[in-house]
Amino acid sequence: MATSNQVEVDLLSDEDIPTCFQILSKSFGHDAPFVDIYFPGHDTPSGQVQGAKRLAAWKQTDKNSTFLKAVIRAGPENQERIIGFAVWTYMKEAPSAKLTEVENVEEVWPDEEDREFMTRLWRDYVIPRSRAINMSQNKGVYVLELLAVHPDYQRLGAGTALVKWGTKAADERGLKAVVEGTPVARRLYEQCGLRTEIEEMRFDVGDEFAARKKPKLVFMARDPVSST
C-alpha cells in the first residue's frame, strides 16, 4: 500500500463504490458541466444508485482500468475512511466517438434532448485522448478518467497521491499520461508534472444547445520519465 503523508492509496473494492460515487458528487457539486450531464442527478438518491451501478459495471468489465481509493486512518480503532478515489485506464486503442457504443444511452439519458447533447459532447470529448493514443506508436497511453476528493478532506495530499500513482505506472511502462482536467484541478496536475496541450477543449454542440452550459476542460499530458 502506497502512502502520501497520512494518506494511503489502495485498490478499490466493489463495496467501496457507493461511497466513492457520493464523494464524486460532493467533490464536483454542480461546478463541472461534464459531470452533471454524464452522471445525471448525481446528487439525488436515484442518480447516485444509477451512477454507482455504472461505476461498478465499468470496474467489473474493463481489465485495463484501475480503480483506486485514497484513505486515512481515524478513530480509536484506526478505521479506514475513504476521502478520494481515481480511475486510471491504460488505453492502447482510441475510444469510440459514438456514445451508443460505450453507454446504455436510453437508460442513462431517457430525455431525448439530454441524450443528444451528451452524444455531441462525447464525440468531441474523446478527440484529444484519441489523438494521443494514435500518436503513441502503438504503445498506448495512461488516462486519468476520474479523480475526486471529498471537499472536507482536501489539501491532505489525496489528489496528489492518486495522480502520482498513475504517473508512476505510466513511467514504468514508458507511456504518456493524459487527463481532461477542470480548471480547478489544473494546478494539482501541473504539480504532478502534467503540462497543458490544449488550453480549452472545443465542444461543437450546435446552435440548438447554445443555451446549455458547456464543459470547460484543459487537456494535459506528461511524457514518461526514465528511472535511470
Side-chain angles (χ1 to χ4, degrees), residues 2 9 11-12 17 20-21 24 27-28 32-35 37-39 51 54-70 84-99 101-103 118 121-149 158-186 188-203 215-225:
V9 173
L11 295 176
L12 197 73
I17 287 179
C20 288
F21 191 82
L24 180 150
S27 173
F28 288 101
F34 191 85
V35 172
I37 187 64
Y38 191 71
F39 292 111
R54 288 168 65 198
L55 285 185
W58 176 7
K59 178 179 180 294
Q60 293 162 7
T61 58
D62 190 343
K63 66 181 185 302
N64 290 318
S65 291
T66 303
F67 283 65
L68 303 167
K69 60 183 176 182
F85 85 106
V87 182
W88 279 95
T89 300
Y90 167 56
M91 289 190 180
K92 192 172 182 180
E93 297 181 358
S96 175
K98 296 180 179 179
L99 188 64
E101 295 182 356
V102 295
E103 294 283 355
M118 184 64 229
L121 287 178
W122 181 260
R123 176 195 62 201
D124 292 344
Y125 179 76
V126 299
I127 289 174
R129 66 167 65 173
S130 296
R131 185 182 298 121
I133 294 167
N134 292 334
M135 293 178 63
S136 71
Q137 299 180 329
N138 206 38
K139 293 191 297 183
V141 301
Y142 259 85
V143 182
L144 178 55
E145 300 210 72
L146 279 177
L147 174 68
V149 177
T160 299
L162 290 165
V163 175
K164 287 189 173 181
W165 184 98
T167 57
K168 181 176 183 291
D171 286 348
E172 290 172 350
R173 300 181 68 165
L175 302 177
K176 176 179 282 192
V178 304
V179 63
E180 299 91 359
T182 63
V184 172
R186 179 173 181 165
L188 166 64
Y189 296 138
E190 288 175 341
Q191 291 173 341
C192 294
L194 288 103
R195 296 292 176 260
T196 299
E197 291 195 349
I198 301 175
E199 188 69 35
E200 185 170 340
M201 291 171 57
R202 184 174 179 177
F203 293 95
K216 289 187 177 181
L217 296 172
V218 55
F219 186 77
M220 307 181 72
R222 177 185 179 277
D223 290 326
V225 176

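- Closest approach of A86 and L147 over heavy atoms only: CB-CD1, 3.9 Å.
- Of the inter-residue distances, the one linking L146 atom CG with L55 atom CG reads 6.5 Å to the nearest 0.5 angstrom.
- Residues M118 and L99 form a side-chain contact, since some pair of their non-hydrogen atoms from C-beta on lies under 4.5 Å apart.
- Of all non-hydrogen atoms in L144 and V179, the two that sit nearest each other are O-CG2, 3.6 Å.
- What you find for Y189 and G181 is that their closest heavy atoms are CE1-CA, 3.8 Å.
- Nearest heavy atom pair, residue P224 against residue D171, reads CA-OD1, 3.3 Å.
- None of F21, W165, W58 except one satisfies the ring-ring contact (aromatic ring centres under 6.0 Å, His included) rule with F67; the exception is W58.
- K164 NZ: 12 or fewer foreign heavy atoms inside a 6.0 Å radius.
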| query | Should V35 and L24 be marked as a side chain to side chain contact (heavy atoms under 4.5 Å, CB included) after you check the CA-CA gap, both sets of side-chain angles, and the distance that decides it? | reply | CA-CA 9 Å; V35 172; L24 180 150; 3.8 Å; yes
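- Salt-bridge formation is detected for the pair E199/R186: a Lys NZ or Arg NE/NH1/NH2 atom is positioned less than 4.0 Å from an Asp or Glu carboxylate oxygen.
- In this structure, the side chain to side chain contact (heavy atoms under 4.5 Å, CB included) partners of V178, at least two apart in sequence or on a different chain, are A132, V141, V143, K176, F219, A221.
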| Worked check of side chain to side chain contact (heavy atoms under 4.5 Å, CB included) between E103 and R54 | CA-CA 9 Å; E103 294 283 355; R54 288 168 65 198; 3.1 Å; yes
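- Counting all heavy atoms, side chain and backbone alike, F28 lies closest to A148 at CE1-CB, 4.2 Å.
- From T89, atom OG1 reaches atom CD of E145 across 3.5 Å, with rounding to the nearest 0.5 Å.
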| Trace of the side chain to side chain contact (heavy atoms under 4.5 Å, CB included) decision for V218 with E200 | CA-CA 5 Å; V218 55; E200 185 170 340; over 6 Å; no
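- More than 12 heavy atoms of other residues, nucleotides or ligands lie within 6.0 Å of CD in E197, so this atom counts as buried by the packing criterion.
- Contact detail for P183 and K216: the closest heavy-atom pair is CD-O, 3.2 Å.
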| field | Pair E190-R195, salt bridge (Lys or Arg N to Asp or Glu O under 4.0 Å): steps then yes or no | value | CA-CA 6 Å; E190 288 175 341; R195 296 292 176 260; 5.9 Å; no
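- How far OG of S65 is from OH of Y90: 12.5 Å, rounded to the nearest 0.5 Å.
- Panel note: side chain T196, backbone I198; no donor-acceptor pair is recorded below 3.5 Å.
- Between K92 and I133, the closest side-chain pair of non-hydrogen atoms is not below 4.5 Å.
- To the nearest 0.5 Å, the span separating CE on M135 from OG on S130 amounts to 13.0 Å.
- A donor-acceptor contact shorter than 3.5 Å links the side chain of W88 to the backbone of L162.
- To the nearest 0.5 angstrom, E93 atom CD is 9.5 Å from N64 atom CG.
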| request: Could you please spell out the steps behind the side chain to side chain contact (heavy atoms under 4.5 Å, CB included) verdict for F34 and F39? | output: CA-CA 8 Å; F34 191 85; F39 292 111; over 6 Å; no
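- Using a 4.0 Å cut-off between charged nitrogen and carboxylate oxygen, R129 and E180 count as a salt-bridge pair.
- Side-chain atoms of Y125 and F203, non-hydrogen and from C-beta on, do get closer than 4.5 Å to each other.
- Separating the OG1 atom in T167 from the CG atom in L175 is a distance of 12.0 Å, to the nearest 0.5 Å.
- Geometrically, R222 does not engage Y142 in a cation-pi contact, judged by NZ or CZ lying under 6.0 Å from the ring centre and within 45° of the ring axis.
- Residues P215 and L121 have side chains in contact (heavy-atom distance under 4.5 Å, counting atoms from C-beta outward).
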